[in-house]
Amino acid sequence: MNYEIKGRKAIVCAASRGLGKGCAVALAQEGVDVVINGRDADVLAATAEEIRNATGVKVTAVAGDITTESGREQVLAACPDPDILVTNAGGPPPGDFRNWDRQQWIEALDANMLTPIALMRAVIDGMIERKFGRIINITSSGVKEPINVLGLSNGARTGLTGFVAGLSRDVVQHNVTINNLLPGAFDTDRRAAIIEAGARASGKTPEEVRQDHIRQTPAGRFGTIHEFGAVCAFLCSTQSGFLTGQNVMLDGGAYRGTMG
Ligand code: NAP
């Protein structure tokens, strides 16, 4: 299928590694010019080069912290009128809510709720005017099935989900769609960090915890960033204009509900 987005412009936040990178690669493979972002400038430059060489599209690397106003300004300056916006940032740390103070909650809300909202606010009116917009928020399966030790993530991302549920219905008449992609277990650095934290908390080895996570996934394995990117690219396609306000679980069958 030709997604008919060749030549369009995308901002993909937090895309030097992991799921964001998977989305940037998949969009670039569809001929979309991408602005990618991450804090470590060297890792980001290497990813930009890799995508450029593999696809031939224009890849612009903007190093900076997307959870800060200046980080967002730099990304938006590189692409003020994107057709596609993929929001993403690092996930908050795991822990016990008794140990989290106000500052830690504010940081989680900033990263996983207020940053995506600020980015949508900056680009949505241009998308409405141009009658094309695709917004994807990378959230978490924890929004549907909370993960106990990730209370900061459960709380902040559910706030974003509630906001998007309303906004997506306001803008779809202009061919601007907003959907959330909910990763289950994907083989990334973040997953490795969660496994390490699980091992420390349980006294198991990291490999035992890794196998526990795999056992909880009916697919019998972790997902790949390419599988994640492929779904993102479809949601950004011209053909997906009737699909909005959805929370798309990508979890190898881990969520046990009868309906998605
Ligand atoms: P990852 O492998 O750790 O990659 C995170 C990417 O985001 C890196 O490119 C990182 O680069 C960048 N990044 C992190 N914080 C940033 C910031 N403040 N500003 C700009 N760039 C930033 O993580 P991932 O597994 O892809 O996860 C992506 C998101 O999905 C996270 O929010 C995570 O919690 C969520 N998630 C992941 C899984 C999973 O199984 N992997 C499951 C559920 C939810 P720098 O470090 O250089 O900035």
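Read the numbers this way: they start at 1 and go in the same order the structure lists the ligands and their atoms. Quick note: numbers below take in every heavy atom, side chains included, and nothing from hydrogens, waters or symmetry partners.
Closer than 4.0 angstrom to ligand 1 by heavy atom are A14, S16, R17, G18, L19, N37, G38, R39, D40, G64, D65, I66, T67, N88, A89, G90, G91, I138, T139, S140, R157, P183, G184, A185, F186, T188, D189, R190, R191, sorted by chain and number.
T87 OG1 to I136 CD1: the interatomic distance, rounded to the nearest 0.5 Å, is 9.0 Å.
Residue pairs meeting the side chain to side chain donor-acceptor pair (under 3.5 Å) criterion with at least one member in residues 243-260, sequence neighbours excluded: N180-N247.
One side chain, H213 or R191, offers a donor N or O that lies under 3.5 Å from an acceptor on the other. A donor-acceptor contact closer than 3.5 angstrom links the side chains of T67 and D65.
Formation of a donor-acceptor pair under 3.5 Å by the T224 side chain with backbone atoms of E227 is found in this model.
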Item to check | Verdict with reasoning, Y3 to Q239, per side chain to side chain contact (heavy atoms under 4.5 Å, CB included) | outcome: CA-CA 7 Å; Y3 287 163; Q239 294 89 345; 4.3 Å; yes
